[in-house]
There are 4 protein chains.
Amino acid sequence: MTVQIFTTGGTIDKVYYDAKSEYEVGEPQIVAILDEAGVTIDYDVTRLLRKDSLDLTDEDRALIQEQVRESPCDQVLITHGTDTMVETARALQDIPGKTIVLVGSLAPARFKASDAEFNIGFALAAVQTLPPGVYVAMNGRVFDPDSVEKNRDANRFEIA
Amino acid sequence: MTVQIFTTGGTIDKVYYDAKSEYEVGEPQIVAILDEAGVTIDYDVTRLLRKDSLDLTDEDRALIQEQVRESPCDQVLITHGTDTMVETARALQDIPGKTIVLVGSLAPARFKASDAEFNIGFALAAVQTLPPGVYVAMNGRVFDPDSVEKNRDANRFEIA
Amino acid sequence: MTVQIFTTGGTIDKVYYDAKSEYEVGEPQIVAILDEAGVTIDYDVTRLLRKDSLDLTDEDRALIQEQVRESPCDQVLITHGTDTMVETARALQDIPGKTIVLVGSLAPARFKASDAEFNIGFALAAVQTLPPGVYVAMNGRVFDPDSVEKNRDANRFEIA
Amino acid sequence: MTVQIFTTGGTIDKVYYDAKSEYEVGEPQIVAILDEAGVTIDYDVTRLLRKDSLDLTDEDRALIQEQVRESPCDQVLITHGTDTMVETARALQDIPGKTIVLVGSLAPARFKASDAEFNIGFALAAVQTLPPGVYVAMNGRVFDPDSVEKNRDANRFEIA
């Protein structure tokens with residue numbers, strides 16, 4: 001049983017370029033996180049996109065849908081920016097027979113203090129243990145995409 | 001639904017005292033890890049022991065058993081040293097109706113490179129999603145205590 | 001002998017606010033860095049400004065000048081954004097009798113990989129050992145403000 | 001002007017092997033620290049020893065003496081365990097014409113919270129700015145080997 005991992009960008013992968021004094025989305029951090037954690041399950045990482053999730057287009061979501069649908073794996077983990085994670089999750093709900101978990105982080109993985117390692121660990125357990133369906137895994141909870149929203153002021157995911 | 005967390009010590013909580021040039025088991029690191037991850041589920045942390053797991057006695061295991069059995073929570077997460085984690089897991093298998101997950105780390109949480117945050121995230125998802133039973137959560141996998149062992153040379157958990 | 005430390009902002013103090021997807025200058029990180037390093041010399045930290053150095057105005061530089069001049073300390077360390085650090089250094093060159101060291105970092109102190117701790121250590125030695133004058137301490141070197149520039153493409157300080 | 005760096009082991013380089021539940025001295029961490037800090041001066045790193053400083057023998061100190069004396073560089077930085085750093089410093093005091101700085105750390109460089117990066121930065125400035133002589137650079141201070149001791153209870157270096 002192989003876990004398919006798709007990366008799409010988001011805060012988790014953000015880097016900092018001093019000259020511009022702004023963040024940009026860098027290389028997927030999940031590979032280094034899984035290595036450091038000594039994960040021994042089989043997984044395959046495919047980079048689909050490298051964007052802030054506010055910049056994802058309908059074409060981008062169609063690409064994610066297509067890739068998830070065509071993956072031979074029944075367990076699919078997607079790293080994603082938090083701002084539109086719920087929207088992408090809902091767009092995947094008509095894919096049958098797969099456990100699909102979306103996860104990201106509120107602080108970049110490159111920060112000393114970050115939820116990235118914890119969240120990836122959480123999502124990797126969720127994708128292996130939950131029944132088929134689409135889930136948002138943030139703040140140590142498994143959410144149903146139909147009843148979750150990001151509370152921007154509190155900077156966390158909550159039941160809508 | 002509250003998750004009961006018991007801490008017993010182990011590598012995950014180890015600190016370094018220079019004067020003695022050796023590790024000792026320090027304060028439970030899971031509290032800081034859950035804070036940093038912004039976990040919003042209800043949980044209760046109780047410190048049971050603070051030992052290297054090679055030093056756990058029969059009395060220590062009896063204490064863990066008793067505390068798990070008497071907890072009002074159906075979801076119990078135990079942080080534990082890796083060397084005798086499997087032994088403790090087996091000692092809890094006759095407790096019915098609870099999902100019990102044992103987790104630790106192969107590198108101290110205080111290290112820059114550590115599996116601690118990932119593993120705690122993984123275990124927190126496992127304890128919320130798995131059916132009643134006892135599980136060992138290490139290396140990104142959920143193991144049955146009856147068929148897992150720590151491979152000391154490779155420094156990882158494997159199916160026995 | 002007390003070292004006077006002035007903080008003015010810059011990359012070293014930058015934080016990340018997810019909702020806005022951009023950096024802002026946060027609390028001075030030098031206090032935590034000196035604590036973690038177990039520094040036992042006497043020092044006094046005063047927060048002068050909290051700005052990206054590209055946003056520093058003539059009034060801001062006049063304030064820094066005035067504060068340095070009026071400090072009772074002969075050793076003055078200034079944390080500063082890198083983009084206009086050289087300009088501020090030159091504005092302090094007519095202050096006699098003080099060793100003034102400007103330092104910052106190319107990656108925020110909150111990053112796992114950052115030059116912040118190293119640079120603060122470097123600058124604290126420089127301010128205690130160099131003769132009176134103004135110095136830029138970056139990339140493990142002590143530079144004369146009259147012959148240094150930030151190479152933005154290479155993201156480092158070089159002899160001009 | 002090249003800075004000669006000799007590594008001898010000590011807490012700064014300690015790693016943790018879970019199976020044995022004890023620290024051992026690993027690869028020199030100063031190379032990674034200088035890389036991460038973007039240091040652009042010329043330096044040469046030579047590994048002399050890989051020991052806890054309590055285990056250094058008279059032969060080991062003779063080796064360090066010989067290597068420092070024969071180095072073509074006038075600036076010599078030595079990473080060293082803290083327990084006998086002062087003893088080694090005194091053994092180097094009859095070497096003329098060189099600025100020799102000994103430095104280590106009280107917490108391993110591999111720890112999240114460590115004085116290692118700061119101390120290496122501090123020592124690298126000290127070795128470039130101080131007149132010929134032997135110095136102990138710890139806790140943000142430059143000490144004369146004749147009047148410094150490690151206070152083990154307080155875990156810091158102090159004037160003796």
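Since we're looking at a predicted model, the values are computed, not measured. A, B, ... follow the sequence lines: proteins, then strands. Residue 1 opens every chain.
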Could you tell me which of A:Val3, A:Thr129, A:Leu34 has the largest number of non-hydrogen atom pairs under 4.5 Å with chain B?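 It is A:Thr129.
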Output the option from [options] having the highest count of non-hydrogen pairs under 4.5 Å with chain A.
{"options": "B:Asn139, B:Ile41, B:Leu130", "answer": "B:Asn139"}
{"options": "B:Glu158, B:Gln128, B:Arg141, B:Lys112", "answer": "B:Arg141"}
{"options": "B:Gly140, B:Ala137, B:Ala126", "answer": "B:Gly140"}

Return the CG to CD distance between B:Asn119 and A:Glu117, rounded to the nearest 0.5 Å.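 Spacing of CG (B:Asn119) from CD (A:Glu117) equals 11.5 Å.
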Is there side-chain contact between B:Phe122 and A:Ile120, with at least one heavy-atom pair below 4.5 Å?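 Not in contact.
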Are the side chains of A:Asp115 and B:Glu36 in contact, using a 4.5 Å heavy-atom criterion?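 Heavy-atom side-chain distance check fails, nothing below 4.5 Å.
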Step by step, work out the side chain to side chain contact (heavy atoms under 4.5 Å, CB included) result for A:Thr40 and B:Phe157. CA-CA 9 Å; A:Thr40 56; B:Phe157 283 69; over 6 Å; no
